[in-house]
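Data block below; observations after.
Here the structure is a predicted model, which means the values were calculated and not measured. Labels below follow one simple rule: chain letters A, B, ... track the order of the sequence lines, proteins then strands, and each chain is numbered from 1.
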Amino acid sequence: MTQKLDVLQETPSQTAGPYVHIGLMPTYAGNGGYYEEEIGTTPFVDESKAKGEIIEIVGSVFDGTGWALRDALIESWQCDAGGVFPGADGADPAFTGHCRFAADAVTGEFTLRTVKPGSYKGRGGTVSAPHISLWVVARGINIGLNTRIYFEDEANDDDPLLNRIEQRPRVDTLIAKKIEDGKYRFDIRLQGQDETVFLDL
Amino acid sequence: MTSLITDQGPLIPRNRAIHPEPYDPAYKTSVSRSPNLPLLSMESSPSEETGPTFGHNKLGALDNNLILNWTKGAAPAVGERILMHGRVLDENNRPVPNTLIEIWQANAGGRYRHKKDTYFAPLDPNFGGCGRTITDENGYYEFLTVRPGAYPWPNRANDWRPMHIHISIYGHSFGQRLITQMYFEGDPLIDHCPIAATIKDRSQLDRLVAPLDFSKSRPLDFLAYKFDIVLRGRRQTMFENKLEGM
């Protein structure tokens, strides 16, 4: 017998199920007014004071048959326009960096209204291109899926994560397309052709 | 010069073997919703090592009392009254204080208050089915609620969900984000549930089964079930700290 390790194992995940909105977005579930203040309805403390460009990202989450999920719930987390994560010294006080949004129950389309993130320096001084982290849950997804939104109008060539993708055409699955000023499209494909790159981080 | 061990390193890589299989034909919806291609592995970065924080000021006094929170205290929900309690720890066996836990569940009859749930068990006019709280400085949390009912669901012809409570936890970094479900000791439906069975290692599924806990039960009021949660930890690294003047 060897010595016993002191570490614990993470609790296993289970699917968020079809009724995840009850817990995380009660108003969407038809239970508006449940809480005095719902969490994550917007990443802004005060949109009129937030620094940087305000953008909207629209898209859908598609299953392997090409059907847009009507019950997907997504969370985002990002740094502010200056590349500082909320909570750190110097972060924009008008911005929380975190948002919850859901696929529309009729159309399957989601909208994220936020600020365009800046770039930041990580471990070893590597600079990450501007991106928003996403976490996707739904019925049928047994463990939440992590991915990122990058932007086609930013310099992505030296991004350390994008550069790890061996099949170069797959990089495009992480890049939001500009459809007009301040508006981008970012679709998530759970499987099949153009399957989104999901992350094990 | 002094040095000390800190846990500000990258997140400990996730052990996917303890988690459910993303693709599991017995859980039909997973077939078209699971990635076919391997996930891209990468050391965590500030995007995953930081995360949102939530203060107590966002929470209402009844937010962790599902027996009363839907009616704002006016009338209690129907069902077997239970206290769900436990601790949130990380993989380094340290408590995770001040982190948000949210739960949601069916009522005692097995019906969710959701516009898409059409099961004919009735809604309880005094039960909403969600709650939230923030762990204390030692990582403890508790909810007062009713035991949810089992219910049938469209999968194979006659599948039933065991009694369960859904749990969402943040931790302190976005890479720790976790949703799971708590089951109840002794529920025979656990062994028949294709969602529970997406976890292939039975000893790992057992970690989602809360034991009855008489130590926290209040006589003539409620039973208690204990449910501890472990979130990912960060790698501990030696941090060298130069003292001033040296």
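Here A:I22 is the residue among A:I22, A:L190, A:D63 with the most heavy-atom pairs under 4.5 Å with chain B. Between chain A and the options B:P22, B:A196, B:G131, B:S47, heavy-atom pairs under 4.5 Å are most frequent for B:S47. With respect to chain A, the highest number of heavy-atom pairs below 4.5 Å among B:D90, B:D117, B:T53 belongs to B:D117. Looking only at heavy-atom pairs under 4.5 Å with chain A, the residue among B:I199, B:N92, B:L37 that has the most is B:L37. Taking B:E49, B:E21, B:Q176, B:Q105 one by one and counting their heavy-atom pairs under 4.5 Å with chain A, the maximum is reached by B:E49. Among B:P52, B:S44, B:S30, B:G233, the residue with the largest count of heavy-atom pairs under 4.5 Å with chain A is B:P52. Contact count versus chain A (heavy atoms, under 4.5 Å) is highest, among B:L231, B:L11, B:D63, for B:D63.
Under a 3.5 Å cut-off, the side chain of B:R232 and the backbone N or O of B:G175 do form a donor-acceptor pair.
Annotation: cation-pi geometry satisfied between B:R177 and B:Y170 (NZ/CZ under 6.0 angstrom from ring centroid, within 45° of ring axis). For the pair A:K177 and A:F186, the NZ or CZ position fails the cation-pi test of under 6.0 Å to the six-membered ring centre and within 45 degrees of the ring normal. With a 6.0 Å cutoff to the six-membered ring centre and a 45° limit on the axis angle, B:R132 counts as a cation-pi contact of A:Y35. Cation-pi geometry between A:R70 and A:W67 is satisfied (NZ or CZ under 6.0 Å from the ring centre, within 45° of the ring normal).
The pair A:E195-A:R189 fails the salt-bridge criterion, with no side-chain N (NZ, NE, NH1 or NH2) lying under 4.0 Å from an Asp/Glu carboxylate O. Under a 4.0 Å N-O distance rule, the pair A:D159/A:R164 does not qualify as a salt bridge. At a threshold of 4.0 Å, the pair A:E38-B:K58 does not count as salt-bridged, since none of the basic side-chain nitrogens sits closer than that to a carboxylate oxygen.
Neither the backbone nor the side chain of B:D201 comes within less than 4.5 Å of any heavy atom of chain A. Both the backbone and the side chain of B:Q204 come within contact range of chain A, with heavy atoms under 4.5 Å apart. Looking at B:R207, the atoms closer than 4.5 Å to chain A (heavy atoms on both sides) all sit in the side chain, from C-beta outward. The contact between A:R170 and chain B is made entirely by side chain atoms (from C-beta outward), counting heavy-atom distances below 4.5 Å. Only the side chain of B:H166 comes within contact range of chain A, with at least one heavy atom under 4.5 Å from a heavy atom of that chain. With a threshold of 4.5 angstrom between heavy atoms, A:Y19 approaches chain B through its backbone and through its side chain. Using a 4.5 Å cut-off between heavy atoms, A:V20 touches chain B through backbone and side chain atoms alike. Heavy atoms closer than 4.5 Å to chain A are found nowhere in B:K28, neither backbone nor side chain. When heavy atoms are compared at a cutoff of 4.5 Å, A:V7 approaches chain B by way of both its backbone and its side chain. Using a 4.5 Å cut-off between heavy atoms, B:L62 does not touch chain A at all. Looking at A:S133, the atoms closer than 4.5 Å to chain B (heavy atoms on both sides) sit in the backbone and in the side chain alike. Looking at A:L5, neither its backbone nor its side chain comes within 4.5 Å of chain B, counting heavy atoms on both sides. Using a 4.5 Å cut-off between heavy atoms, B:T198 touches chain A through its side chain atoms alone. With a threshold of 4.5 angstrom between heavy atoms, A:Y120 approaches chain B through side-chain atoms but not through N, CA, C or O. Contacts of A:I188 with chain B are absent, with no heavy-atom separation under 4.5 Å from either backbone or side chain. Heavy atoms of A:P117 lying under 4.5 Å from chain B are absent altogether. Both the backbone and the side chain of B:E43 have a heavy atom closer than 4.5 Å to some heavy atom of chain A. The contact between B:L100 and chain A is made entirely by side chain atoms (from C-beta outward), counting heavy-atom distances below 4.5 Å. Proximity to chain A (any heavy atom under 4.5 Å) is shown, for B:L178, by both the backbone and the side chain.
For A:H21 and B:Y112, the gap between ring centers reaches or exceeds 6.0 Å.
Donor-acceptor pairing under 3.5 Å is lacking for the side chains of B:Y23 and A:N142. A donor and an acceptor atom, one from each side chain of B:N15 and A:Q9, are located under 3.5 Å apart.
Between A:H131 and A:Y150, the ring planes lie tilted relative to each other; the angle falls in the 30° to 60° range. Classified by interplanar angle (parallel below 30°, tilted 30° to 60°, perpendicular above 60°), the ring pair A:F110/A:F101 is tilted. Using bins of under 30°, 30° to 60° and over 60° for the plane-to-plane angle, the ring pair B:F184/B:Y225 lands in the perpendicular bin.
Atom OG1 of A:T147 and atom CG of B:L40 lie 9.5 Å apart (nearest 0.5 Å).
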